[in-house]
Amino acid sequence: MPYIPKFNITLTIAKNLMEIQQASTLVEQLPLPANILKELKRDSLVETIILSTKIEGNLLDENLKKVAMTKAGESTEEQEVYNLGKAMEFLEECEKRKLPITEELIKKLHAIIQVISSGRRPKLSEYRDFQNKVGEKGSGKIVYLPPEPHDVQPLMEDLVAWVNSPENINMPAPIKAGIFLYQFLTIHPYLDGNGRTGRALATYLLRLAGLGLNGLFVLEKYYDRNLKGYYDNLQMGLHHNYYFGRNDPDLTPWLEFFISGLNEVFQDAAMIVKEKSAQFTAVEPKILRELDVAQRQVFAQLAFKRTSITRKELIKLLELGDRTVRDRVNKWIKDGFLEPLNPEAKRIHALQLTSKYRKLADTLSKEMDKYIYLLK
């Protein structure tokens, strides 16, 4: 049986989806120096690792966790933190290559995440081959009894097939990520590390779909604020045994919780970027403030490094496809931002700033130290 999740898009979900997209657009359009963006991204990564391990019960304090991120430690807690940092690096490389989620990718990711006390680390983590349970901390009461081992493989195959299905290509990424996370945690394919692996993959799905906010949002921040709500919404009042309800639930309540949380952390990230951007653009000339992020990158190159730029160079600079760059160039020419270096040529081989932007570049170059951040 193929995996076919049941859910409805409620008004609450629809509203949050719209606000998530608005926050994403805001972050993409607001100018921010690359060095500041890099710093914010690093801060978000550190917070993700700190909170994700905290959710799973890692009691190391934040300072020790920050140290553990940079080198493998001796304790299980330190190794857990170090491994998760390496897992984030692995997913970043996967994102650059636009790799889809496959069983092999999941097994590679989990092999990096899992803590091994002795022996060689496997390249792939195999799914669990005996039954386990999720117990309540302290009392040991069974909170969740996942599917039996013989069902794990087909359930994971079905989940991966669903997430890559052409039928779901237009599904909003937050819904797809929320469903994937729920089902992954429900299958509970490993004895340990399911939460860290599942949340990392949900974030990866968002980033693959262009909702990565430049790596600035921290999904775990919402769960840390609402830890009881996180576990309650995963269970949704269903029987603790997988086969008595969690095998075919209505996911609407979980999706409302997940997407509401995603919106909350997206708004947090957008506010930080807005504040940082305002600090740097407050003193800029109005004509410069009106440029979008991509235009600012191009302007900086043509103002401080070169006098013209080719389409191939634009593709490399902006890290965009040929068609997207071609469309942007046409718009920028129409808007009076760029012009052909040789207006008589039948084909555009190189571009330069129009006269008003060349004038701006001349003005800024006289105070290059003040505006050097545009190049970073």
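Heavy atoms only: backbone and side chains are in, while hydrogens, waters and symmetry mates are out.
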Okay, side chain of Q183, backbone of I179: is any donor-acceptor separation there less than 3.5 Å? no
Under 4.0 Å between a side-chain nitrogen and a carboxylate oxygen: does that hold for K96 and E319? no
Should we count CE of M271 as having more than 12 external heavy atoms under 6.0 Å? no
Are D268 and R225 close enough, and set up right, to give a salt bridge (charged side-chain N to carboxylate O under 4.0 Å, His left out), and what steps lead you there? CA-CA 13 Å; D268 287 346; R225 296 169 184 164; 2.8 Å; yes
Relative to each other, are the rings of F266 and F217 parallel, tilted or perpendicular (30° and 60° limits)? tilted
Got a donor-acceptor contact below 3.5 angstrom from the N164 side chain to the I101 backbone? yes
Can you list the steps and then say if R199 with Y223 is a side-chain contact (heavy atoms from CB on, under 4.5 Å)? CA-CA 10 Å; R199 290 189 297 272; Y223 300 147; 3.8 Å; yes
Atom pair CG (L338) and CG (L351), whose distance is rounded to the nearest 0.5 Å: 5.5 Å
Hey, mind stepping through Q131 and L145 against side-chain contact (heavy atoms from CB on, under 4.5 Å) and telling me if it holds? CA-CA 8 Å; Q131 184 63 304; L145 194 64; 4.1 Å; yes
Please examine the side chains of P122 and I116, heavy atoms only from C-beta on, and report whether any two atoms are closer than 4.5 Å. yes
Whether S365 side chain and D362 backbone form a donor-acceptor pair below 3.5 Å: yes
Flag the pair K107 and E104 as a salt bridge only when some basic side-chain nitrogen lies within less than 4.0 angstrom of an acidic carboxylate oxygen. no
If you look at every heavy atom in I49 and G85, which pair is closest and at what distance? CD1-CA, 3.5 Å
E62 atom CD, neighbour heavy-atom count above 12 within 6.0 Å: no
Do L353 and L360 sit in the same hydrophobic cluster, where Ile, Leu, Val, Met, Phe, Trp and Tyr count as joined when their side-chain heavy atoms come under 4.5 Å apart? yes
Look at the side chain of Y144 and the backbone N and O of L234, then say whether any donor-acceptor pair between them is shorter than 3.5 Å. no
Considering only heavy atoms from C-beta outward, does the side chain of N168 approach that of V163 to under 4.5 Å? no
Between R121 (side chain only) and A111 (backbone N and O only), is there a donor and an acceptor less than 3.5 Å apart? yes
Verify same cluster id: M18, F7 (apolar side-chain graph, 4.5 Å): no
Does K316 form a salt bridge (charged side-chain N to carboxylate O under 4.0 Å, His left out) with E313? I'd like the steps, not just the answer. CA-CA 5 Å; K316 185 176 180 180; E313 290 170 333; over 6 Å; no
Any Lys/Arg nitrogen of E92 or K41 sitting under 4.0 Å from an Asp/Glu carboxylate oxygen of the other? yes
As a test of understanding, state which of E80, R196, E77 forms a side chain to side chain donor-acceptor pair (under 3.5 Å) with N58. E80
N342 side-chain N/O to E344 backbone N/O, donor-acceptor pair under 3.5 Å: yes
Plane angle bin for F184 and F180 - parallel if under 30°, tilted between 30 and 60°, otherwise perpendicular: parallel
Evaluation steps, side-chain contact (heavy atoms from CB on, under 4.5 Å), between I50 and E220: CA-CA 9 Å; I50 288 173; E220 284 78 2; over 6 Å; no
Step by step, would you call R296 with E284 a salt bridge (charged side-chain N to carboxylate O under 4.0 Å, His left out)? CA-CA 12 Å; R296 289 169 72 90; E284 291 180 347; 2.8 Å; yes
Do L302 and R306 have side-chain heavy atoms sitting under 4.5 Å apart? yes
Hey, any chance L99 and L201 share a hydrophobic cluster, counting ILVMFWY side chains that come within less than 4.5 Å of each other, even indirectly? yes
Report the C-alpha distance between R97 and E93 in whole Å, list the side-chain angles of each, state the deciding distance to 0.1 Å, and finish with yes or no for salt bridge (charged side-chain N to carboxylate O under 4.0 Å, His left out). CA-CA 7 Å; R97 298 168 61 195; E93 288 301 312; over 6 Å; no
Do Y231 and V143 come within less than 4.5 Å of each other through their side chains, counting heavy atoms only? no
Whether the side chain of T354 engages the backbone of G336 through a donor-acceptor N/O pair (distance < 3.5 Å, no angle test) should be reported. yes
Contact between L37 and L216 at the side-chain level, heavy atoms closer than 4.5 Å - yes or no? yes
Flag the pair E339 / Q352 as yes when at least one side-chain heavy-atom distance between them is below 4.5 Å, and no otherwise. yes
When you look at L191 and F130, which way does the side-chain contact (heavy atoms from CB on, under 4.5 Å) test go after all the steps? CA-CA 9 Å; L191 296 175; F130 59 89; 3.5 Å; yes
Whether T70 side chain and V67 backbone form a donor-acceptor pair below 3.5 Å: yes
Check the pair E157, Q153 against side chain to side chain donor-acceptor pair (under 3.5 Å), reporting the backbone distance first and the verdict last. CA-CA 6 Å; E157 289 174 356; Q153 179 69 49; 3.0 Å; yes
Can you label the angle between the Y3 ring and the W162 ring as parallel, tilted or perpendicular, going by 30° and 60°? perpendicular
Report yes if the side chains of L64 and E78 come closer than 4.5 Å at any heavy-atom pair, otherwise no. no
Checking S44 side chain against L40 main chain: does a donor-acceptor pair fall under 3.5 Å? yes
Quiz question: by atom type and distance under 3.5 Å, do the side chains of E103 and Y127 form a donor-acceptor pair? yes
Just one of Q21, K15, Q22 clears the side chain to side chain donor-acceptor pair (under 3.5 Å) bar with E19, so which one? K15
Verify, without hydrogens or angle tests, whether D250 (side chain) and T252 (backbone) share a donor-acceptor contact under 3.5 angstrom. yes
Can you say whether the rings of H110 and Y190 are parallel (under 30°), tilted (30 to 60°) or perpendicular (over 60°)? parallel
Are I142 and Y242 linked, directly or through intermediate hydrophobic residues, by side-chain heavy-atom contacts shorter than 4.5 Å (ILVMFWY only)? no
Check the hydrophobic clustering (I, L, V, M, F, W, Y; side-chain heavy atoms under 4.5 Å; chains of links allowed) and say if V329 and L320 are grouped together. yes
